[in-house]
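All ligand and atom numbering here is 1-based and tracks the order in the structure. Side chains included, hydrogens not; waters and symmetry mates left out as well; all remaining heavy atoms used.
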Amino acid sequence: MPIHYSLDVPRGGSGGVGDLGALPSLIAALPDHAIVRLDAQGRVNGWGTAADSLFGWNAEEILGHDVERLFAPGTAAALIAHFAPGGGRKRETADDQCRHKSGASFRAITSLTSIAGAGAGGAVEGFWLVVRDVTEERASASSIEASAILLNSILETVPDAMIVIDDHGVIQSFSATAEKLFGYDEAEVLGHNVSMLMTTPDRDAHDRYLSRYLDTGERRIIGKARRVIGLRKDGTTFAHELAIGEARGRGRRVFTGFIRDLTQRETAAAQLAELQSELLHISRVTAMGTMASTLAHELNQPVTAVANYVETSLALLQAGAPGSDAIVQEALAEAAAEAHRAGKIVRRLRDFVARGELDKTVEALADIVDDACALGMVGAATPSIEIERAIDPTTGPVLVDRVQIQQVLINLMRNAVEAIPGEHGGIIRVTARPQGDFAQVTVTDSGAGLAPGILATMFGAFASTKRDGMGLGLSICRTIIEAHGGRIWAESRPVGTAFHFTVPRAGRETRDD
Ligand code: ADP
């Protein structure tokens, strides 16, 4: 903003050479202002105290000399125009290049005011020239500007969001990352209380936290990072880590908040945890192979015992020997006990493979089917198997343990692949449709069809028609589906087989409410 000097001076001041008596002494001695009086031709005829240090001349040296000496070459031309007869009576302040006695130039704000002679329309008798050095002022202004540019470049690039508030919690600056994170432009938040970016209870308590700190100096959060919830412009919230720093200077105190979005980190952690639980499950399934051979050994004993008891009983009954009844009864009781023991061993394996507790979430059936199809086909030896998916969109989401239902689908897909003869290729169709409160999923294959007699036993343990089959897949599927409150069954088709299962639809709870 230009500074205007308006000097209220008596008309026709005419002291002696170097005498500024006409000027109030207070003004003549102004430390930062050189006051110079000129005659009508522009020669110095008065010299204020501050002019000495500003220009390097003293009164003796400069008095009587042309004002041009005080300006950088060429700069005085505009001034000199005033000295011509009829020249301007008053010159507004100007930003000029002045000259020191040493020849060095400096920037100054100058003001020239004419001294009119007595009487209306009196001739110009001389001028007052007021000069103020602004070199340092300019330098500090440009260093402030440079700091502001530096600060802005930091605010633009700092990867964490940065918010500066004053000691009343009013936002002073808002970095580019903060704009992205919170969805506000800087202009929308500047001058507002920072609590607008918080959720309750912090929102209500922030001013209290701040004044408590200002009153007591007790640092509760300054210098520490903590997890807080931020509120975006659109009303959504997100978790972030907040670290607060404090800066003081020139009687001002500001607080700087560095904010790191934790959403990605927390999502990644959740995904990792999920992956780990899946891996755990898969590793259990893999371990099943190892366990099966141990179990085969364990089962061998009770099963052989049952066979022995039954054969002995049969032999005794056939021989019809007296008193054999009691022995037969005892043998059959033992056979039953051994059969129960075998049953327990099988249950143990089933519980081991199908995780005990269900972790039910609302899931899109199509997603589960997609994943299972991809996994189920991994390593399929048959090259030309086509997969068809048809999920009726009215089925809606389901409430299931995703990993376990995937496991069921994978088992059904693998069986379907194995039922399709290697050389011909075929088709596997996965469909889903609503069935009351349940979604019914069907896996149909164009394979060889069910082996005679297997339909009745296939969902039990160890029912297999395959040379190296364990006969556990469908039994595990049944455990999982029944744990979900659903049902699983098979159906022979003119070509191939269809397996159906049901799982609860997610809307069921809502409808029950
Ligand atoms: P495994 O596959 O180890 O034999 P499962 O419990 O998965 O054990 O299957 C039991 C039996 O059910 C199989 O051996 C097979 O006879 C029959 N089965 C399962 N799925 C199909 C299918 N898609 N087509 C024909 N038979 C099947």
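Taking Asn411 as the reference, nothing meets the side chain to side chain donor-acceptor pair (under 3.5 Å) condition, with sequence neighbours excluded. Residues satisfying the ring-ring contact (aromatic ring centres under 6.0 Å, His included) criterion with Tyr309, sequence neighbours excluded, are absent altogether. When the side-chain contact (heavy atoms from CB on, under 4.5 Å) test is applied to Ala419, the partners found at least two apart in sequence or on another chain are Asp445.
No more than 12 heavy-atom neighbours from other residues, nucleotides or ligands sit within 6.0 angstrom of CZ on Arg260.
Sorted by chain and number, the residues within 4.0 Å of ligand 1 by heavy atom are Asn415, Ala416, Ala419, Asp445, Gly449, Leu450, Ile454, Met458, Ala463, Ser464, Thr465, Lys466, Gly469, Met470, Gly471, Leu472, Gly473, Leu474, Thr497, Phe499.
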* Walk me through it: do Phe499 and Val441 pass the test side chain to side chain contact (heavy atoms under 4.5 Å, CB included)? => CA-CA 8 Å; Phe499 282 83; Val441 182; over 6 Å; no
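In terms of heavy-atom proximity, Arg232 sits nearest to Tyr184 at C-CE1, 4.4 Å.
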